[in-house]
Amino acid sequence: MELEKSYDAKKFEDDIYTAWEASGAFAPEGCPCTDPDKKPFTISMPPPNATGQLHLGHATMLAIEDIMIRYHRMQGHPTLWLPGTDHAAIATQSMVERKLQVEGIEKPREELGREKLLEEIQKFIDISQNNIKTQTRKMGSSCDWTREKYTMDPDLANAVHTMFQNMLEDGLIYRGYRSINWDPKMQTTVADDEVDHVTKNATFYYFQYGPFVIGTARPETKFGDKIVVVHPDDERYKEYHGKSFEVEWINGPIQCTVIPDEVVDPEFGTGVMTITPAHSLVDFELAQKHPDKIEITQIIDFEGKMLPIAGEFEGMDIFECRKALVEKMEKKGLLVRIDKEYEHQLAVNYRGKGVIEPQVMRQWFIDVNKKVIDWKNKKQSIKEVLQDVINSEMIEIIPDRFNKTYFHWIDNLRDWCISRQIWWGHRIPMWYKLTKEQHDKYIAYPNQSSYLLDVIKVEDPGTYGLKPPAENTDTEFYIQDPDTLDTWFSSALWTFSTLGWPNHTEDFKKFHPTTVMETGYDILFFWIARMILASTYALRRDGLPEEKCIPFEKVYLHGMIRDKDGKKMSKARPETCINPLEVIEKYGTDAVRLSLIIGATPGNDMNLYEEKIAGYRNFVNKIWNSARFVLMNVENINAPLDPSTFSTADKWVLSKTNEIIREATKEIQNHQFSPAGNKIYEFLWGTCCDWYIEMSKVTKNEAVLMHVLKTVLKLLHPFTPYVTEVLWGQLKEAGCTEAKTMLITTPWPEANPEYDFSDEQEDIEKAIEVIREIRHLRSENKVDPVKKIKAVLSGGHLIDIMREKEGVILQMANLSELEIHDEPQNIEDAISSVLHGTSIDLPLADMIDPEKELSRLTKEKENLDKFIQTIEGKLSNEGFVNGAPPKVIQKQRTNLEEAKEKLQKITSLLEKIK
RNA sequence: GGGGGAUUAGCUCAGCUGGCUAGAGCGCUACAUUGACAUUGUAGAGGUCAGUGGUUCAAGUCCACUAUCUCCCACCA
């Protein structure tokens with residue numbers, strides 16, 4: 001039975017995946033090599049968007065997590081990797097709205113209404129959700145699909161409602177005001193990260209305001225400005241602090257008050273500002289700081305029109321109003337000057353480019369400062385608990401520099417606004433009582449959003465419930481809050497809601513806290529911190545001990561994948577954009593996985609380009625062919641390892657195999673996947689293929705070949721699951737008893753100390769150097785590579801091993817004859833070199849170019865002289881001899897000895913030539 | 001403005017807690033070809049480890065400053 005000459009990934013991958021899944025190996029209870037007494041290893045898969053396309057970020061996440069999962073599964077831990085998808089509220093709704101717009105429905109919300117739009121979204125999700133799941137499988141992800149979850153599943157919705165109710169009862173959730181980004185054009189709120197800042201030239205106006213001159217780019221918001229703010233240390237205005245007096249303003253005199261605050265930059269403009277908290281985030285925050293002094297008055301309505309406070313300007317849009325107002329101020333003599341060269345950042349909605357009008361609206365919040373969590377014997381706030389879990393090392397972040405970022409974020413953490421003015425998502429389970437009049441007005445608006453509650457002046461604080469608290473009557477109507485919860489609210493519960501919470505199910509008890517949370521560093525704040533928040537609060541409330549309340553023990557953050565030039569891959573430049581599915585098709589999943597793992601450092605970005613993937617495809621093929629060689633050359637596939645048959649080379653490779661098992665295990669354990677992969681790569685390609693297999697062509701030990709092959713397949717399996725599983729199947733077909741069970745559930749290899757042969761290891765390594773040196777001398781002297789020549793080795797302690805490996809040396813250095821002498825020989829007309837005390841002479845009388853030999857040897861002598869000088873310098877340095885560890889000193893001594901010996905021989909060679 | 005990260009061979013990057021005549025892959029040069037593999041093999045060229053100073057017996061590795069490039073957060077009435 002013979003394998004194809006090269007590995008064709010496409011032929012095998014889908015079948016292998018199906019076989020894995022069907023075998024039940026993905027589930028913790030379905031894996032035969034599991035040891036139930038070992039600590040479970042759990043990863044909650046960060047749920048991709050249900051409407052998403054697999055991109056390189058997902059691919060990286062899946063590759064890293066699958067390595068950890070497969071490794072621990074093979075280690076015998078009960079292993080659970082729980083997959084799922086996220087409803088991604090804003091992204092999904094806007095995606096569907098855009099799609100509908102393309103289909104001719106210009107204002108989907110207004111034209112379709114809530115119910116119909118949600119239906120459309122659901123239809124879309126139904127079709128697209130399978131997409132991402134199929135693609136996740138393509139990456140070879142060994143996750144437990146029987147436990148798959150979706151953030152909109154009924155049981156997860158139940159978790160969301162339970163959480164909301166608990167927090168409401170504990171007074172953590174409250175309804176309050178907040179300055180949000182409002183797009184009057186699209187009638188929607190815009191999240192901070194969906195706001196684009198466009199640099200624009202604007203006109204900057206200076207007005208006389210009592211004794212001050214104030215500057216503004218937005219005069220139309222200034223009608224209600226009664227508060228003047230100056231910097232507390234600004235000498236120019238110190239006399240006015242706290243004063244209140246009347247000034248002439250746009251529509252007549254108003255009463256103004258001066259308050260000092262550090263937010264004012266004395267260098268900017270005139271160092272004086274008046275504030276408009278209703279239409280500026282900064283001003284709003286200032287108002288929050290001085291709630292007794294500053295009132296919030298809306299000037300512009302939700303459609304961008306002036307409200308009655310503007311007097312004669314009422315009903316104008318902002319640009320009309322600005323023009324008219326400036327004219328009026330000029331007439332009144334209050335316009336001081338105009339600066340047309342003012343450059344500022346204009347906030348626009350990145351969808352639709354509508355200019356953002358900050359508005360103050362009622363929203364639902366989570367209080368992060370209220371001390372309600374019973375944590376480590378005292379009541380602590382969310383903020384304090386978030387700090388404690390990292391400070392007390394209950395959760396470890398890898399790499400740890402992100403601790404700093406995390407703390408910085410918490411220090412500036414404000415109450416979390418959890419309501420969103422969109423329809424797709426978990427609807428806020430609060431009900432308000434409306435009068436008939438209010439209700440009539442409310443239902444007249446097609447685009448239902450919470451701002452309407454303010455428009456129709458609903459004062460009812462709302463009551464919690466999944467159903468209306470009472471039946472509607474002729475005069476009383478109940479409506480549910482039209483908004484939905486922030487997607488991160490449900491995602492925050494992901495690690496425990498997917499395990500059955502609020503019920504403490506068997507799975508929950510067994511697999512929570514999860515072991516590792518692996519994700520990109522870009523969502524550290526959005527998600528990681530919020531999971532910690534939700535988990536610690538909810539589970540502590542359930543009465544679990546603190547250490548059981550964290551969502552995960554470790555956070556592993558990977559970097560972003562960038563293109564060859566280190567730029568973000570963007571759809572704008574498709575040539576740099578790598579679609580994981582396309583490259584999987586082209587190079588195979590294993591190659592793609594390796595290219596995402598090797599060369600990546602935790603938390604650091606990595607550049608990816610197709611040549612790199614092609615390189616790993618070559619490696620995968622090398623794996624294939626090394627196995628092919630073994631299968632073609634082994635007759636008794638189950639031959640047991642028999643120490644009495646071990647040659648020095650066998651001992652060397654067994655020793656090296658132990659070494660790679662130890663190193664790979666250590667690196668994976670330390671989450672160093674790149675070095676782990678690299679070392680196995682080097683072991684397979686270098687040690688196994690370049691040397692041991694080559695040596696096996698002279699004399700072979702079948703049992704050792706099989707041992708090495710099986711071990712390396714196991715070590716590679718977490719990295720390249722497909723090709724290794726295919727080959728394992730070939731071993732099985734060839735009758736290998738160990739390969740009876742699939743590789744995915746085969747125990748991880750362990751180093752066997754009986755096969756540690758450090759002396760032999762060193763000997764063979766030196767023999768390798770000798771072969772290299774002969775090859776080097778040949779090629780330096782332009783000896784025809786095909787020509788077999790004679791070599792003489794003499795002197796030194798390597799002689800015995802040389803004799804043993806004579807056949808190998810003859811073959812690998814392409815020699816016709818090898819003479820080996822215990823004592824140094826005097827060979828005339830030869831190209832010569834010295835290695836570890838052994839002289840290497842190639843008698844090539846007719847081919848020698850004495851001048852070239854001379855310059856080569858002279859150069860080598862110079863190098864040696866310099867080297868010896870450095871070491872002698874070190875060794876004669878008292879500080880070094882006293883301070884350095886003995887091992888280091890010993891190494892220098894040996895180096896010196898060898899170098900001196902070599903120098904001596906080279907010198908005599910040189911003299912001979914002269 | 002605040003905080004990260006990066007700066008090592010032509011390119012992409014390793015080099016963990018200081019002990020290195022500084023490594024890998026790709027690319028380049030020369031050579032080899034039906035025997036596991038051209039998705040290959042062999043040999044080679046190529047680096048004052050961004051700069052300056054400091055700590056140390058010893059610095060690519062630690063510290064300080066400088067320069068350039070990047071990312072995140074906060075953004076100015």
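All of these numbers come straight from a predicted model, not from anything done at the bench. Residue numbers start from 1 in every chain, and the chains themselves are labelled A, B, ... in the order their sequence lines are given, proteins ahead of strands.
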Participant: For A/F204, check ring-ring contact (aromatic ring centres under 6.0 Å, His included) against everything at least two apart and list the hits.
Facilitator: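 Listed in chain order: A/Y206, A/Y342.
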
Participant: What's A/R775 touching, base or sugar-phosphate or nothing? Going by heavy atoms closer than 4.0 Å.
Facilitator: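 A/R775: backbone/sugar contact only, no base atoms under 4.0 Å.
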
Participant: Classify A/I693 by what it touches in the nucleic acid, base, sugar-phosphate, or nothing, heavy-atom distance under 4.0 Å.
Facilitator: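 Base contact.
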
Participant: Quick check, are the ring centers of A/Y240 and A/F212 under 6.0 angstrom apart?
Facilitator: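 Yes: the rings meet the under 6.0 Å criterion.
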
Participant: Using whole Å, what does the distance between atom P of nucleotide B/rG25 and atom CE of A/M606 come to?
Facilitator: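 Spelled out: CE on A/M606 to P on B/rG25 is 18 Å.
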
Participant: Side chain of A/Y609 only, heavy atoms from C-beta on: which candidate in B/rA36, B/rU12, B/rG44 is closest?
Facilitator: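 Among the listed nucleotides, the one closest to the side chain of A/Y609 is B/rU12.
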
Participant: So which one's nearest nucleotide on RNA chain B is more toward 5', A/D784 or A/D605?
Facilitator: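 Nearest nucleotide further toward 5': that of A/D605.
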
Participant: Taking only residues two or more places apart in sequence, or in another chain, which ones meet A/K222 in a salt bridge (charged side-chain N to carboxylate O under 4.0 Å, His left out)?
Facilitator: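 Residues passing salt bridge (charged side-chain N to carboxylate O under 4.0 Å, His left out) with A/K222: A/D225.
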
Participant: Could you check A/I771 against A/K874 and say which one's nearest nucleotide on RNA chain B is further toward the 5' end?
Facilitator: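 Taking each residue's closest nucleotide, the earlier one in sequence belongs to A/K874.
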
Participant: Name the atoms and distances for all side-chain donor-acceptor pairs under 3.5 Å in residues 866-875 of chain A, with sequence neighbours left out.
Facilitator:
from, atom 1, to, atom 2, distance (Å)
A/T870, OG1, A/K866, O, 2.7
A/T870, OG1, A/F867, O, 3.4
A/E872, OE2, A/K900, NZ, 3.3

Participant: Counting the atoms with a prime plus P, OP1 and OP2 as sugar-phosphate, which does A/E773 contact under 4.0 Å by heavy atoms, base, sugar-phosphate, or nothing?
Facilitator: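 Nothing, no heavy atom under 4.0 Å.
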
Participant: Near RNA chain B, counting only heavy atoms under 4.0 Å, which residues of residues 875-891 of chain A show up?
Facilitator: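 RNA chain B contact set from residues 875-891 of chain A: A/N877, A/G879, A/F880, A/G883, A/A884, A/P885, A/V888, A/K891.
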
Participant: Indicate, with a heavy-atom threshold strictly under 4.0 Å, whether A/G599 touches base, sugar-phosphate, or nothing.
Facilitator: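 Result for A/G599 = sugar-phosphate.
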
Participant: Any side-chain to backbone donor/acceptor pair from A/H558 onto A/T60? Under 3.5 Å, distance only.
Facilitator: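 Between the backbone of A/T60 and the side chain of A/H558 there is no qualifying donor-acceptor contact (under 3.5 Å).
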
Participant: Could you work out the separation of B/rA22 and B/rG4 based on their C1' atoms and round it to a whole Å?
Facilitator: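 Rounded to whole Å, the distance is 28 Å.
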
Participant: By nearest atom, which of the nucleotides B/rU39, B/rC37, B/rC31 is closest to the A/R628 side chain?
Facilitator: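 Looking only at heavy atoms from C-beta outward on A/R628, the closest nucleotide is B/rC37.
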
Participant: Could you tell me whether a side-chain N or O of A/N625 sits under 3.5 Å from a main-chain N or O of A/K5, the two making a donor and an acceptor?
Facilitator: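 Here the side-chain-to-backbone pair exists.
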
Participant: Kindly determine whether A/V272 and A/V213 satisfy side chain to side chain contact (heavy atoms under 4.5 Å, CB included), including the steps that lead there.
Facilitator: CA-CA 7 Å; A/V272 184; A/V213 173; over 6 Å; no

Participant: Across the strands shown, which category fits A/R778 at heavy-atom distances under 4.0 angstrom: base, sugar-phosphate, nothing?
Facilitator: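 Result for A/R778 = nothing.
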
Participant: Establish whether the base of B/rC37 is bridged to the side chain of A/K5 by a donor-acceptor pair shorter than 3.5 Å.
Facilitator: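 Answer no: no donor N or O sits under 3.5 Å from an acceptor.
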
Participant: From the options A/N604, A/I398, A/L524, select the one residue that forms a side chain to side chain contact (heavy atoms under 4.5 Å, CB included) with A/L557.
Facilitator: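 For A/L557, the side chain to side chain contact (heavy atoms under 4.5 Å, CB included) test succeeds with only one of A/N604, A/I398, A/L524, which is A/L524.
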
Participant: Compute the centroid of each ring, for A/Y556 and then for A/F673, and state whether the two points are separated by less than 6.0 Å.
Facilitator: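 Under 6.0 Å, so yes.
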
Participant: For the side chain of A/F525, starting at C-beta, report the closest nucleotide among B/rU40, B/rC75, B/rC72.
Facilitator: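 So the nucleotide nearest the side chain must be B/rC72.
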
Participant: Got a sec, which residues hit salt bridge (charged side-chain N to carboxylate O under 4.0 Å, His left out) with A/E694, two or more places apart in sequence or on another chain?
Facilitator: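 Expected list: A/K697.
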
Participant: If you compare every side-chain N and O of A/H776 against the phosphate oxygens of B/rG44 (OP1, OP2), does one of them come in below 4.0 Å?
Facilitator: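 Affirmative; the distance criterion is met.
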
Participant: Calculate the interatomic distance between A/F526 atom CZ and B/rC73 atom P; express it in whole Å.
Facilitator: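 Interatomic distance, CZ of A/F526 to P of B/rC73: 7 Å.
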
Participant: Need one value for A/V282: base, sugar-phosphate or nothing, where a base atom within 4.0 Å counts as base even if backbone is also close, heavy atoms only.
Facilitator: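 Answer is sugar-phosphate: A/V282 comes under 4.0 Å of backbone atoms only.
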
Participant: Side chain of A/V786 only, heavy atoms from C-beta on: which candidate in B/rA36, B/rA32, B/rA77 is closest?
Facilitator: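 The closest nucleotide is B/rA32.
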
Participant: In residues 671-690 of chain A, what residues come within less than 4.0 Å of RNA chain B, judged by heavy atoms?
Facilitator: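 The answer is A/W685, A/C689, A/D690.
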
Participant: Between A/E702 (side chain) and A/E635 (backbone), is there a donor-acceptor pair under 3.5 Å?
Facilitator: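 Side chain of A/E702 to backbone of A/E635: a pair is present.
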
Participant: So what is the 5' to 3' dot-bracket string for RNA chain B, if pairs are Watson-Crick or G-U wobble with both distances under 3.5 Å, crossing pairs use [ ] and | means the partner sits on another strand?
Facilitator: (((((((..((((.....[...)))).(((((.......))))).....(((((..]....))))))))))))....

Participant: How does protein reach along nucleotides 3-8 of chain B, written 5' to 3' as B (base within reach of a heavy atom under 4.0 Å), S (only sugar-phosphate), or - (no contact)?
Facilitator: SSS---

Participant: Would you please name every residue forming a ring-ring contact (aromatic ring centres under 6.0 Å, His included) with A/F402, sequence neighbours left out?
Facilitator: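 Only A/Y521 meet the ring-ring contact (aromatic ring centres under 6.0 Å, His included) criterion with A/F402.
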
Participant: Examine B/rU40: is either OP1 or OP2 under 4.0 Å from a nitrogen or oxygen in the side chain of A/N618? Give yes or no.
Facilitator: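 So the side chain of A/N618 is within the cut-off, an N or O lying under 4.0 Å from OP1 or OP2 of B/rU40.
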
Participant: Would you jot down, in residue-number order, the residues of residues 217-226 of chain A having a non-hydrogen atom under 4.0 Å from RNA chain B?
Facilitator: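 Output list: A/K222.
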
Participant: What residues, two or more places apart in sequence or in another chain, satisfy ring-ring contact (aromatic ring centres under 6.0 Å, His included) together with A/W249?
Facilitator: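 Checked A/W249 against ring-ring contact (aromatic ring centres under 6.0 Å, His included); matches are A/Y209.
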
Participant: Using a cut-off of 4.0 Å on non-hydrogen atoms, how would the nucleic acid contact of A/L594 be classed: base, sugar-phosphate, or nothing?
Facilitator: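 It contacts nothing in the nucleic acid.
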
Participant: Could you list all the side-chain hydrogen bond (donor to acceptor under 3.5 Å, both in side chains) pairs where at least one residue sits in residues 877-898 of chain A, not counting sequence neighbours?
Facilitator: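 Every pair satisfying side-chain hydrogen bond (donor to acceptor under 3.5 Å, both in side chains) with a residue in residues 877-898 of chain A: A/H836-A/E898.
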
